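A, B, ... follow the sequence lines: proteins, then strands. Residue 1 opens every chain. What you are looking at is a predicted structure, and each value in this text was computed from that prediction instead of being measured.
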2 protein chains.
Amino acid sequence: MTRVLVVDDEPQIVRALVINLKARQYEVDSAHDGATALGLAAARHPDVVVLDLGLPDMDGVEVIRGLRGWTRVPILVLSARHSSDEKVEALDAGADDYVTKPFGMDELLARLRAAVRRAEPVGDEGDVIVETGDFTVDLAAKKVNRDGKDVRLTPTEWHLLEVLVRNTGRLVSQRQLLQEVWGPSYGTETNYLRVYMAQLRRKLEGDPSRPRHFITEAGMGYRFEK
Amino acid sequence: MTRVLVVDDEPQIVRALVINLKARQYEVDSAHDGATALGLAAARHPDVVVLDLGLPDMDGVEVIRGLRGWTRVPILVLSARHSSDEKVEALDAGADDYVTKPFGMDELLARLRAAVRRAEPVGDEGDVIVETGDFTVDLAAKKVNRDGKDVRLTPTEWHLLEVLVRNTGRLVSQRQLLQEVWGPSYGTETNYLRVYMAQLRRKLEGDPSRPRHFITEAGMGYRFEK
DNA sequence: ACGGGGCGTCAGGGTTGCGTCAAAGAGCGC
DNA sequence: GCGCTCTTTGACGCAACCCTGACGCCCCGT
């Protein structure tokens with residue numbers, strides 16, 4: 001059975017969605033704020049998330065980023081805001097679809113089916129915890145541990161690490177790194193990468209001057225190795 | 001480079017899309033009717049299709065079904081019709097997203113990015129690997145392994161290897177190699193090839209002086225054999 | 001036998017790209 | 001408004017990479 005996580009702070013919307021979804025044999029969890037949503041997502045591993053952007057405790061886009069850190073579950077954004085910028089921001093943060101309120105239930109359900117359908121053949125989610133000889137990365141908990149102590153990373157450092165770890169062993173081009181971490185309009189600012197790679201190495205490598213995990217491929221990009 | 005197929009019978013829409021997409025480094029094909037669209041899709045294997053529903057020769061939904069018969073390429077539907085039923089029908093036929101005209105270019109591009117992003121495989125073992133008796137090449141990870149150790153290639157060496165491997169068993173002319181690796185304005189600088197072929201052989205061949213995989217066809221070009 | 005074209009090899013020199021450091025700007029909470 | 005952290009920017013030295021030219025070899029035709 002398909003499991004849906006509904007996140008919205010308006011009880012009547014949640015109720016309407018839950019009723020409609022359950023009637024169609026979906027299994028439904030619901031949350032009314034971002035923190036609960038992230039917790040439920042981690043605990044229940046839904047097959048699709050319906051997410052309202054106007055939450056009481058945090059920005060909806062932050063919820064998207066929080067999810068995207070460790071899962072590729074389809075995210076269907078629901079929002080009262082019609083502005084183009086809002087949509088672009090949510091989609092680029094990792095949302096799969098964006099529906100404006102008020103919405104037609106039929107359309108929403110069709111978009112939900114589309115989102116679930118194309119996610120289907122994807123195998124089980126990869127390991128959420130990655131270990132190297134020097135440190136451990138927990139993508140879901142957003143934690144890095146080294147010698148038993150948690151390492152403190154800034155948001156940008158973490159984001160960069162995340163992209164690299166999700167592509168363990170693969171070369172990631174400078175362009176791709178810049179676009180995933182800094183946004184689609186970046187692509188040539190390689191000096192950012194130099195600075196932040198240095199910071200990651202300083203915090204995580206055994207010998208930062210001789211990196212074993214964050215490998216530079218001159219002229220091409222970087223590669224993370226366990 | 002990401003390849004987009006634009007299908008619309010209104011020339012001004014096609015033009016606007018093509019200009020915007022090309023400016024963002026997409027490779028664009030376009031068709032103005034359904035039959036052409038299906039043919040182009042089969043011939044060019046686009047990474048994403050932008051499809052208008054109102055075509056002169058056939059129903060847009062038929063085009064979706066035609067595509068879905070053999071490919072899972074993301075389909076972004078563009079339509080002047082706002083009715084809920086139309087959307088549901090298109091989405092259930094296999095479309096990934098539905099945008100109503102008039103549309104904001106920023107939003108469309110963001111939805112396009114989202115569609116492309118989620119289509120890209122992330123499976124750790126989904127890579128295409130080419131094996132020879134002496135070494136293995138992983139095109140997606142940009143990795144070459146020999147005797148259990150990773151071989152370091154410079155950008156130019158890698159690019160050259162890539163072109164040759166993609167044409168395994170086939171003769172690739174000097175001109176084609178030069179143009180693909182060094183750019184369209186090159187074609188006669190065969191000395192470049194001599195230098196870089198030598199480097200590839202030195203790094204990858206068991207006995208570089210007696211190449212088994214990187215074969216010279218005097219006066220014509222080079223050939224890669226497993 | 002001789003000469004020329006195509007190819008392989010090698011090493012120097014110019015250019016680009018990378019790592020590092022430091023300091024200025026931008027947010028954020030207090 | 002002040003001080004903190006994080007991000008952005010610039011400058012510099014060093015390493016990696018790319019181009020170039022010289023030389024020798026082999027094959028082929030003269």
(message) Ring centroids only, cut at 6.0 angstrom: are B/Phe224 and B/Phe214 within range, meaning strictly under it?
(response)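 Under 6.0 Å, so yes.
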(request) Answer yes if the ring centres of B/Tyr196 and B/Trp182 are under 6.0 angstrom apart, and no otherwise. (result)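 For B/Tyr196 and B/Trp182, the ring centres are under 6.0 Å apart.
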Please state how far atom [atom1] in [X] lies from atom [atom2] in [N], giving the value in whole angstrom units.
X        : N      : atom1 : atom2 : result
A/Leu153 : D/dT7  : CG    : P     : 10 Å
A/Gln199 : D/dT7  : CD    : P     : 8 Å
B/His159 : D/dC19 : NE2   : C1'   : 18 Å
A/Arg194 : D/dG13 : CZ    : C1'   : 12 Å

(request) Check DNA chain D against residues 207-226 of chain B and give the residues with a non-hydrogen atom under 4.0 Å, in numerical order. (result)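 Going residue by residue through residues 207-226 of chain B, none turns out to have a heavy atom under 4.0 Å of DNA chain D.
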(request) First locate atom CG of B/Leu178, then atom OG1 of B/Thr190, and finally report the distance between them rounded to the nearest 0.5 Å. (result)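 Between B/Leu178 CG and B/Thr190 OG1, I get 7.5 Å after rounding to 0.5 Å.
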(request) Find the bend of the helix from C/dA1-D/dT30 to C/dC30-D/dG1 as the angle between its two terminal axes (five pairs each), to the nearest 10°. (result)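 End axes: 30° apart.
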(message) Reading DNA chain C in the 5' to 3' direction, which nucleotide is the first one with an atom under 4.0 Å from a heavy atom of chain B, and which is the last?
(response)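 The protein-touched segment is C/dG6 to C/dC10.
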Cationic N near anionic O, under 4.0 Å, [X] to [Y]:
X        : Y        : result
A/Asp47  : A/Arg3   : no
B/Arg146 : B/Asp134 : no
A/Asp96  : A/Arg68  : yes

(request) Go through the steps to decide whether A/Asp207 and A/Ser209 satisfy the test side chain to side chain donor-acceptor pair (under 3.5 Å), and finish with yes or no. (result) CA-CA 5 Å; A/Asp207 177 359; A/Ser209 63; 2.8 Å; yes
(message) Could you tell me if the side chain of A/Glu217 sits less than 4.5 Å from the side chain of B/Lys142, heavy atoms only?
(response)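 No, every pair of side-chain atoms sits at 4.5 Å or beyond.
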(message) Exactly one of A/His32, A/Lys101, A/Arg15 should register a side chain to side chain donor-acceptor pair (under 3.5 Å) with A/Asp8. Which one does?
(response)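 Among the candidates, only A/Lys101 passes.
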Side-chain N or O of [X] versus OP1/OP2 of [N]: is the shortest distance under 4.0 Å?
X        : N     : answer
A/Tyr192 : D/dT9 : yes
A/Trp182 : D/dT8 : yes
A/Thr154 : D/dT7 : yes
A/Tyr196 : D/dT7 : yes

(request) Quick one: label A/Gln174 by what it contacts on the DNA or RNA (base, sugar-phosphate, nothing), any heavy atom closer than 4.0 Å. (result)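 Here A/Gln174 touches the backbone only, sparing every base.
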(message) Does B/Met220 have more than 12 heavy atoms from other residues, nucleotides or ligands lying within 6.0 Å of its CE?
(response)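 Not buried by this count: 12 neighbours or fewer within 6.0 Å.
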